[in-house]
Amino acid sequence: MNGFIVLQQMCVIMILVSIGIYLYRKNVVDQTVSQRISTIIIDICNPAMILSSALSGNVTAGHKELLSAILVGFLFYVALVLLGVLLPFLLHTEKNNRRFYTMMTVYTNIGFIGIPVTKALLPEKAMLYVVICNVVYALLFYTHGITVLSEGREKMNLKKIISPGTIMAIISMIIIWFDYKPPVIISSSLSYIGNATVFLSMTLLGVSIARSKVIEGFKVFRLWGFIVLRMVLVPTIVFFLLHAFGCDDTMVLGFSLMAMMPVGNLPLIQAEKTGEDTAILSKGIAVTTIVSMVTITLLMILFTGYLMPGS
């Protein structure tokens, strides 16, 4: 994929986001409708897209390649957990706010935004790396994540790891491992359901941006430092490390794209449930989501240009 196609696809995504902003301002989609559509996306459309990609036959990987990808995904999150400890100190964050920056560092929006953006920008095979990241993410959040956020007050909740998205991701890896070819009626049904993901996700992203107090977030200087370190420097390091180790170009771009994702909603939802002050997380989500439209575009253009000079 060349730089022009990346720019073209990101422009399409921005148009879809703009539709969400328009629908919110016209009172077509309010918070209640948004929550219901979010449930449809998270529990039905996203899992269907993941499984549909695995069943399409375009996501192929030998056993050695699949195991290598799982190892890279595991190491990717180990590095993020370590960075989550270090980054708050680099940003000189107040002690009582460090855990929020830890959460923002590790738990980005690889599902709600990562899945549809990967679908739009990269070859279908890249979904394999998104699937792996989503499985590790789920395992981490309900163990490490809630422990860090509650400062040890809340116990790990292993039951919540078993969600439709996680189940479909694990099934997808099994399908890829055994190279299973399903009946057409199953693959076609999943494809139709999964195809709704990009439009619905990006539209709701626009709704979320429209109702957030994003101007206040842009005034938080520390968030800009976070963006530079976490959303620009980290994906750049991931890109050059994986490239140096001779990884497949799609793997390099897939994990690099996952490293570019903005702050995710799950830490905010968990913080609200336990009565935490969510101001930092809310501003972080709003600002990084908007800025990611620019950083993802520029970095993907640079990275694809580096891998395919002259394209």
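The chain is numbered in sequence order, starting from 1. Excluded from the calculations below are hydrogen atoms, water molecules and symmetry mates; all remaining heavy atoms, backbone and side chain alike, are included.
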Over 12 non-hydrogen atoms of neighbours within 6.0 angstrom of CZ in Phe218: yes

In the structure I gave you, are the side-chain heavy atoms of Ile19 and Met202 within less than 4.5 Å of one another anywhere? no

Residues in side chain to side chain contact (heavy atoms under 4.5 Å, CB included) with Val135, at least two apart? Leu139, Ala169, Ile170, Met173

Under a 3.5 Å distance rule, please check whether Arg230 uses its side chain to pair with a backbone N or O of Gly84 as donor and acceptor. no

Can Ile280 be reached from Trp224 by stepping across I, L, V, M, F, W or Y side chains whose heavy atoms are under 4.5 Å apart? yes

Between Phe141 and Met103, is any pair of side-chain heavy atoms under 4.5 Å apart? yes

Hey, does Leu80 have a side-chain heavy atom less than 4.5 Å from the side chain of Thr108? no

Is any side-chain heavy atom of Asn109 less than 4.5 Å from a side-chain heavy atom of Thr289? no

Please work out whether the ring planes of Phe240 and Phe303 are parallel, tilted or perpendicular, with thresholds of 30° and 60°. perpendicular

Residues Leu66 and Leu128: closest non-hydrogen pair is CD1-CD1, 3.5 Å

Do you know the tightest heavy-atom contact between Pro88 and Leu83? CD-O, 4.2 Å

Which ILVMFWY residues can you reach from Phe74 by hopping between side chains whose heavy atoms are under 4.5 Å apart? Leu71, Leu75, Val78, Leu82

Less than 4.5 Å apart, side chain to side chain, heavy atoms only: is that true for Met300 and Leu122? yes

Which hydrophobic side chains are connected to Val228, either touching it within the sub-4.5 Å cutoff or through other members that do? none

Do you know which two heavy atoms are closest between His63 and Trp177, and how far apart they sit? NE2-O, 2.9 Å

Thr197 side chain reached by Lys119 side chain, heavy atoms, under 4.5 Å: no

So, do Met258 and Val238 sit near enough that their side-chain heavy atoms are less than 4.5 Å apart? no

Indicate the ring-plane relationship of Phe255 and Tyr129, choosing parallel, tilted or perpendicular according to the 30° and 60° boundaries. tilted

